[in-house]
Amino acid sequence: MTGSARVRALAYYLPQFHPIPENDRWWGDGFTEWTSVRAAEPLFRGHRQPRVPGDLGYYDLRDDRVRDRQAELAQEAGIEGFAYWHYWFSGRRLLEAPSERMLATGRPGLGFCFAWANISWSRAWTGADRQVLVAQEYPGADDHRRHYRALQRAFDDDRYVRVDGRPLFLLFRPGEIPDLATMVEVWREEADRAGEPPPYLVGEADFTNGPPAWLPAASTLLDGIVEYSWIRAIGRVNRVRRKLPGAGRPVRVPYDRMIERLSVRRDGLSLPQYPLVLTGWDNTPRYQRAGVVSEGYAPERLTAAVAAARAWATSLEHPLVILKSWNEWSEGNMLEPDETFGHRWLAACREGLAAA
C-alpha cells in the first residue's frame with residue numbers, strides 16, 4: 001500500500017578519498033578527491049571556494065573511524081544508507097578499498113548498496129575527453145557472470161539495502177550497456193543458482209531530448225529509474241566550454257532551476273520513477289572557469305526539495321528518495337559538514353524527510 005510506508009533515503013557515496021596507484025600515475029603521487037578541493041579558488045564575487053571540510057577534516061576512507069563517524073552523521077540526517085559508487089572494468093575494480101574494508105570489518109553498521117558508474121575514465125577534467133585512462137567495455141555473458149559473483153558477497157551482507165526483499169543496484173548509464181538483456185538474464189540465473197532473489201535494478205535516465213531510446217526495451221529488465229537530465233546537461237556544458245579558448249567565468253544557474261529540472265514526474269512510464277534530490281552543485285574544483293555553479297543553494301532550500309521528494313515517494317509502492325550526494329566535494333554536492341554551514345545540511349535533510 002502506498003502513502004503509509006516509511007520513506008527511505010539513500011545518498012550517493014564517492015570512494016575517491018584515498019590514493020590508488022592508477023591515480024598516482026595519471027594525476028600525480030598522492031592524488032585523491034581532496035587534491036582538487038584544496039586547490040579550488042573563488043572565481044567571482046561571493047563564490048564559496050574553497051570549501052573546507054568541518055568535523056571530518058581531509059579524511060582518508062581507509063580509516064575505520066572516519067566511516068564510523070560518517071555513518072553517525074548520516075543517521076543524524078535520517079539517511080538509511082550510502083550508495084557506494086562502484087567501478088568495474090571487465091574484471092578490474094578501482095577505488096574498492098573503502099567498501100572492501102567495510103565488508104571485511106562489519107563497520108559501520110549503516111545500510112549500503114552499490115551504484116555502478118559504468119563509464120570510461122578519461123582526462124575530461126583537463127578537456128582531453130578522448131584520452132581514455134581506462135575504458136568501460138562489455139565483453140559479454142562471462143564478464144557479467146564474474147561481475148555478479150564479485151558482488152554476491154555484498155548482496156549477502158545483512159546491511160545491504162533491499163527493495164521488496166531484493167538487493168538494490170543502481171546503474172549509471174543503462175542505455176550504454178549494449179547487452180543489457182544478457183546482463184539481466186545472467187544475473188537472474190546467478191541469483192537463482194545461489195537461492196537468492198535477483199537484484200532490484202534502478203537505472204538513471206536522461207529525458208533532456210525526450211524519453212531515452214533505450215527505455216521501452218528496458219521496461220522488462222529494470223525495476224525503476226531516477227532522472228538525471230540536468231546533471232547530464234551540465235556534463236555537456238563542461239565538455240563544450242573546456243574546448244573554448246580563455247573561458248571567462250563559470251556558468252551560474254539558480255539552484256531552484258536545477259532542482260526543478262530534476263523534479264519532473266514523467267507521465268506514462270512503464271517503470272516507477274524515484275525522486276532524486278541534488279544537494280548543490282559547483283564543479284569548479286575540477287573544471288575551474290569552465291565549470292557550472294548553482295547559485296542560491298542553502299540549507300532551507302534543500303529542506304524544501306527533500307520534503308517535496310518525500311511527498312512524491314509516499315505515492316510509490318516502495319518509498320525511496322535518492323540524494324546526490326553525501327560527499328561529492330569536487331562537484332559541490334555533499335551533506336557532510338563544512339566550515340561555512342556546519343551541520344545545517346544534515347539538519348535540512350532531516351527536516352525535509354520528517355515533513356508531513
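Values in this document were obtained by computation on a predicted structure and should not be read as measured data.
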Item checked: Value rounded to 0.5 Å, distance of CD in Q75 from CG in L346 -> 12.0 Å
Checklist line | Rounded distance [0.5 Å steps], CD1 in I322 versus CG in L278 | finding: 13.5 Å
Notebook entry, point to check: Looking at L103 and A154, what are the two nearest heavy atoms and their distance?
Noted result: CD2-CA, 4.0 Å
Next item on the list: Return yes if some donor-acceptor pair links the side-chain N/O of R8 with the main-chain N/O of L320 below 3.5 Å, else return no.
Entry: no
Notebook entry, point to check: Below 4.0 angstrom, N of the basic side chain to O of the carboxylate: do E331 and R286 qualify?
Noted result: yes
Checklist line | Residues E41 and Q49: side-chain donor-acceptor under 3.5 angstrom | finding: no
Check: Is the closest side-chain heavy-atom distance between R93 and E100 below 4.5 Å?
Finding: yes
Check: Nearest heavy-atom pair of A135 and S120: which atoms, and what distance?
Finding: CA-OG, 3.5 Å
Next item on the list: Nearest 0.5 Å please: distance from the OG1 atom of T284 over to the CZ atom of R249.
Entry: 13.5 Å
Next item on the list: Return yes if a side-chain donor-acceptor contact under 3.5 Å exists between E33 and S330, otherwise no.
Entry: yes
Check: Under the ring-ring contact (aromatic ring centres under 6.0 Å, His included) criterion, do W312 and Y274 qualify, and how do the steps go?
Finding: CA-CA 8 Å; W312 171 349; Y274 294 103; 9.0 Å; no
Margin query: What verdict does the ring-ring contact (aromatic ring centres under 6.0 Å, His included) test give for Y12 and F82, after you've listed the backbone C-alpha separation in whole Å, the side-chain angles of each residue and the deciding distance to 0.1 Å?
Written below: CA-CA 6 Å; Y12 285 114; F82 293 142; over 10 Å; no
Next item on the list: Return yes if some donor-acceptor pair links the side-chain N/O of D24 with the main-chain N/O of G30 below 3.5 Å, else return no.
Entry: yes
Next item on the list: Just do the salt bridge (charged side-chain N to carboxylate O under 4.0 Å, His left out) check on R48 and E339 with the steps written out, would you?
Entry: CA-CA 11 Å; R48 296 192 188 108; E339 285 194 349; over 6 Å; no
Check: Does any N or O in the side chain of T105 come within less than 3.5 Å of the main-chain N or O of R101, such that one atom is a donor and the other an acceptor?
Finding: yes
Report all side-chain donor-acceptor pairs from residues 159-169 shorter than 3.5 Å, counting only partners two or more places apart or in another chain.
from: R159; atom 1: NE; to: D157; atom 2: OD1; distance (Å): 2.9
from: R159; atom 1: NH1; to: M102; atom 2: O; distance (Å): 3.4
from: R159; atom 1: NH1; to: G106; atom 2: O; distance (Å): 3.3
from: R159; atom 1: NH1; to: P108; atom 2: O; distance (Å): 2.8
from: R159; atom 1: NH2; to: M102; atom 2: O; distance (Å): 3.1
from: R159; atom 1: NH2; to: D157; atom 2: OD2; distance (Å): 2.9
from: Y160; atom 1: OH; to: F114; atom 2: N; distance (Å): 3.1
from: Y160; atom 1: OH; to: L168; atom 2: O; distance (Å): 2.6
from: R162; atom 1: NH1; to: G165; atom 2: O; distance (Å): 2.8
from: R162; atom 1: NH2; to: F155; atom 2: O; distance (Å): 2.9
from: R166; atom 1: NE; to: P198; atom 2: O; distance (Å): 2.9
from: R166; atom 1: NH1; to: D223; atom 2: OD1; distance (Å): 3.3
from: R166; atom 1: NH2; to: P199; atom 2: O; distance (Å): 2.9
from: R166; atom 1: NH2; to: D223; atom 2: OD1; distance (Å): 3.3
from: R166; atom 1: NH2; to: D223; atom 2: OD2; distance (Å): 3.0

Checklist line | Close side-chain approach of W88 to L151, heavy-atom, < 4.5 Å | finding: no
Next item on the list: Determine yes or no for a side-chain-to-main-chain donor-acceptor pair under 3.5 angstrom, with Q273 supplying the side chain and R266 the backbone.
Entry: yes
Check: If you take all heavy atoms of A71 and L110, which pair is closest and at what distance?
Finding: CB-CB, 3.8 Å
Notebook entry, point to check: So W345 and Y297, would you call those rings parallel, tilted or perpendicular, with 30° and 60° as cut-offs?
Noted result: parallel
Check: Above 12 or not: heavy atoms from other molecules or residues under 6.0 Å from CD of E260?
Finding: no
Margin query: Is any side-chain heavy atom of I177 closer than 4.5 Å to one of N118?
Written below: yes
Check: Do you know the tightest heavy-atom contact between L201 and V184?
Finding: CD1-CG2, 3.8 Å
Margin query: Tell me whether T32 contacts the main-chain N or O of F17 through its side chain, where contact means a donor paired with an acceptor under 3.5 Å.
Written below: no
Note to self: Please report the interatomic distance CH2(W85) to CH2(W116), rounded to the nearest 0.5 Å.
What the structure shows: 12.5 Å
Note to self: Regarding R173 and E176, does a basic nitrogen lie under 4.0 Å from an acidic carboxylate oxygen?
What the structure shows: yes
Margin query: Below 30° counts as parallel, above 60° as perpendicular, anything between as tilted: where do the rings of Y13 and Y84 land?
Written below: tilted
Check: Going through the checks in order, is the salt bridge (charged side-chain N to carboxylate O under 4.0 Å, His left out) test met by R301 and D256?
Finding: CA-CA 8 Å; R301 294 188 176 181; D256 290 346; 3.7 Å; yes
Margin query: Assess the residue pair L56 and L73 against the criterion (side chain to side chain contact (heavy atoms under 4.5 Å, CB included)); give the C-alpha distance rounded to whole Å, side-chain angles, the decisive distance to 0.1 Å, and a yes or no.
Written below: CA-CA 10 Å; L56 297 171; L73 293 171; 4.1 Å; yes
Margin query: Contact between L180 and L171 at the side-chain level, heavy atoms closer than 4.5 Å - yes or no?
Written below: yes
Item checked: Exam field: side chain D179 to backbone T182, donor-acceptor pair closer than 3.5 Å -> no
Margin query: Can you see whether Y58 has R38 sitting over its ring - NZ or CZ less than 6.0 Å from the centre and within 45° of the normal?
Written below: yes
Check: Charged N to carboxylate O below 4.0 Å: is that the case for R69 and D55?
Finding: yes
Next item on the list: Could you tell me whether D143 and R146 make a salt bridge, using a distance below 4.0 angstrom between a side-chain N and a carboxylate O?
Entry: yes
Item checked: Check ion pair E22-R25 (N to O, under 4.0 angstrom) -> no
Item checked: Under 3.5 Å: donor-acceptor pair, side chain of T279, backbone of S325 -> yes
Checklist line | CA sep, side-chain torsions, deciding dist, call: W329, E336, side chain to side chain donor-acceptor pair (under 3.5 Å) | finding: CA-CA 9 Å; W329 285 80; E336 289 181 327; 2.8 Å; yes
Item checked: Contact check, side chains of L323 and L10, non-hydrogen atoms, under 4.5 Å -> no
Margin query: For a salt bridge (charged side-chain N to carboxylate O under 4.0 Å, His left out) check, start with the C-alpha distance between E185 and R188, then their side-chain angles and the critical distance, and finish with the verdict.
Written below: CA-CA 5 Å; E185 179 183 5; R188 288 173 179 172; over 6 Å; no
Notebook entry, point to check: Would a distance-only check, ignoring hydrogens and angles, find a side-chain to backbone donor-acceptor pair under 3.5 Å from S315 to A311?
Noted result: no
Checklist line | Heavy atoms from other residues, nucleotides or ligands near CZ of R65 exceed 12 (cutoff 6.0 Å) | finding: no
Next item on the list: Quick one: pull up CG in L276 and CD1 in I225 and give me the separation to the nearest 0.5 Å.
Entry: 11.0 Å
Next item on the list: May I ask you to decide whether K324 forms a salt bridge with E328, counting only side-chain N to carboxylate O separations under 4.0 Å?
Entry: yes
Check: Are the side chain of W326 and the backbone of L14 linked by a donor-acceptor contact shorter than 3.5 Å?
Finding: no
Margin query: Nearest 0.5 Å, please: how far is CZ in R257 from CD1 in I259?
Written below: 13.5 Å
Next item on the list: Using atom types as modelled and distance alone, determine if a side-chain donor or acceptor of W34 lies under 3.5 Å from a backbone N or O of Y59.
Entry: yes
